[in-house]
Enquirer: 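Sharing a structure here in structure tokens format.
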Amino acid sequence: MLLCRRGKAFGAFALPAVMLLLLFVSPGGAIEESKRENVQVKSGKQLYQEACAACHGGDGVGLGASTLGFAVPLPDFSDCNFAPREPNGDWYFVVAEGGPARVFDKIMPAFGDALSKEEILKILDHTRNFCQDKNWARGELNLPRALVTTKAYPEDEIVWAASVNLDNENVIANELIYEQRFGARNQFELIVPFGWSEQVSGPDGDTEWTSSVGDIGLALKRVMFHSLESGSIVSLGAELFLPTGDEDEGFGKDTTVFEPYISYGQLLPADFSFQFQAGAALPFDTDRANEEIFWRGVLGKTFVLGRYGHAITPMVEILGSKELVSEADTNWDAVPQIQIPLNRRQHVRLGIGAQLPLNNTDQREETYQVYVLWDWFDGGLFEGW
Ligand code: HEC
């Protein structure tokens, strides 16, 4: 024990001593070393002033075309509706690899050779001071969208989602979802479900496909707590589904349903993340639909691949739900899935997976699910490919 400790202590002194010696015997090395130290002691603010302010301005607002001599508009780092939502992960690749890393203009230079990763991150930390309002949650807390669990982060997004049941191929259920942020913490959402189903149309058993609209939903969500330090975000939300759908065709509940929920997101070490949502579906007319409670958890790990930082996230969701009637069983499902970016800017993404019942499998079937999301705030649908 003792010997071991002494050995370590010796190691702790020996290493700096040897390095010091090396510095003295190689004067060139010493100069190199002190140069590098000089750069390292510079603050993020100093580095920003030297490398970025000539275009982005000392205040982060961005200089005008007349000063710069080019017409590409500069992003405004002091705009709280823009800067906080962009995570360091994305900005790092823009700064290290240049604008084209996310299909921005090449006038935004690549600093990967001139600055170390630590220096770039220090500069990005400095750019975070330009928006003073800390009500806006940081984009790092915007965890990947799962197929079923509602995320806590507010979005500006359009999503098309579809599910098919391979044992019962005559129904394809779709949803078009429009999400829009307002203020620092809120999001409004419009959900339009629509479906195609194969119906028997004649006495001789002929079938034809019909389409119909389901129960249209309106939703609000508000961030109650967020902290990048603890990596957590908590939101409260509520959805109201109106009985616009046709129940006979399987696309409606024939009564208004109110769904309040709480949603929680947590960043974990090693690019893992955890999300949780719990809530209730409360029909106005309980003769037409049963009250239900649900809880959902999703664990994911994001892999950042390649030179431009393609983020791919496999996830597993576990879903639980129970109708609030006597002798109702709790239903459990597992949803293995993956989310992948479709374009280089990564604001168009695909999620795909299967919802697999874990119990009561004689009454419930597997469904396959897919979504394509477009974060319209980050650019047009056809931009950034
Ligand atoms: C030569 C001028 C110039 C310099 C120097 C410069 N930038 Fe830029 N930067 C731009 C332009 C122009 C854009 C916008 C490109 C576009 O929208 O197509 C941009 C875009 C960006 C973006 C992308 C923002 C978004 O829309 O998501 C980030 C981040 C950024 N710059 C950070 C930096 C940092 C940090 C530095 C210093 C290390 C820096 N820039 C230096 C010109 C410059």
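Every number for a ligand or one of its atoms is a count from 1 in the order of the listing. FYI, the numbering just counts along the sequence from 1. Note that the structure is a prediction, hence the values are computed from the model and not measured.
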Enquirer: At what distance is the nearest protein heavy atom to atom 38 (C) of ligand 1, and which residue and atom is it?
Expert: Cys52 SG, 2.7 Å

Enquirer: Fit a plane to each ring of Tyr48 and His56, take the angle between them on a 0 to 90° scale, and name the class: parallel (under 30°), tilted (30 to 60°) or perpendicular (over 60°).
Expert: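 Tilted, since the angle between the ring planes falls between 30° and 60°.
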
Enquirer: Residues two or more places apart in sequence or in another chain: which of them pass salt bridge (charged side-chain N to carboxylate O under 4.0 Å, His left out) with Asp285?
Expert: Arg288

Enquirer: As an exercise, identify every atom of ligand 1 less than 4.0 angstrom from a heavy atom of Phe77.
Expert: 28 (C), 30 (C), 32 (C)

Enquirer: Report yes or no: does a heavy atom of Gly99 sit under 4.0 Å from some atom of ligand 1?
Expert: no

Enquirer: N/O of Asp105 under 3.5 Å from N/O of ligand 1, yes or no?
Expert: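 Among all N and O atoms of Asp105, at least one is under 3.5 Å from an N or O of ligand 1.
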
Enquirer: Is the shortest N/O to N/O distance between Thr127 and ligand 1 below 3.5 Å?
Expert: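 N/O-N/O distance under 3.5 Å: no.
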
Enquirer: Among protein heavy atoms, which sits nearest to atom 5 (C) of ligand 1, and what does the distance come to when rounded to 0.1 Å?
Expert: Ala51 O, 3.4 Å

Enquirer: Pick out which of Trp374, Phe182, Trp376 makes a side chain to side chain contact (heavy atoms under 4.5 Å, CB included) with Asp156.
Expert: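 When side chain to side chain contact (heavy atoms under 4.5 Å, CB included) is applied between Asp156 and each of Trp374, Phe182, Trp376, only Trp376 qualifies.
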
Enquirer: Please find out if atom 8 (Fe) of ligand 1 and some N, O or S atom of His56 are separated by less than 2.8 Å.
Expert: yes

Enquirer: Can you classify the ring geometry of Phe82 versus Phe77 as parallel (below 30°), tilted (30 to 60°) or perpendicular (above 60°)?
Expert: parallel

Enquirer: Examine the proximity of ligand 1 to Pro75 and report which part, side chain or backbone, both or neither, has a heavy atom under 4.0 Å away.
Expert: side chain

Enquirer: Under a 4.0 Å heavy-atom limit, does Phe104 contact ligand 1 with its side chain, its backbone, both, or neither?
Expert: both

Enquirer: Can you check whether Ala83's main-chain N or O pairs, donor with acceptor, with Arg128's side chain at less than 3.5 Å?
Expert: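 Confirmed, Arg128 side chain pairs with Ala83 backbone.
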
Enquirer: Report the part of Tyr48 (side chain from C-beta onward, or backbone N, CA, C, O) that has a heavy atom under 4.0 Å from ligand 1; answer both or neither where that applies.
Expert: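 The answer is neither; Tyr48 stays 4.0 Å or more away.
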
Enquirer: In terms of relative ring orientation, are Phe276 and Phe274 parallel, tilted or perpendicular, with 30° and 60° separating the classes?
Expert: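 Phe276 and Phe274: parallel rings.
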
Enquirer: Please verify whether a non-hydrogen atom of Ala54 lies at under 4.0 Å from ligand 1.
Expert: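 Under 4.0 Å: no for Ala54.
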
Enquirer: Is Lys253 close enough and on-axis enough to Phe241, meaning under 6.0 Å and within 45°, for cation-pi?
Expert: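 Not satisfied by the 6.0 Å and 45° rule.
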
Enquirer: Please report which non-hydrogen protein atom sits nearest to atom 12 (C) of ligand 1, along with the residue it belongs to and the distance in Å to one decimal place.
Expert: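 Answer, as residue, atom name and distance: Phe70 CE1, 3.7 Å.
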
Enquirer: Scan residues 298-319 for pairs that pass ring-ring contact (aromatic ring centres under 6.0 Å, His included), counting only residues two or more places apart or in two chains.
Expert: none

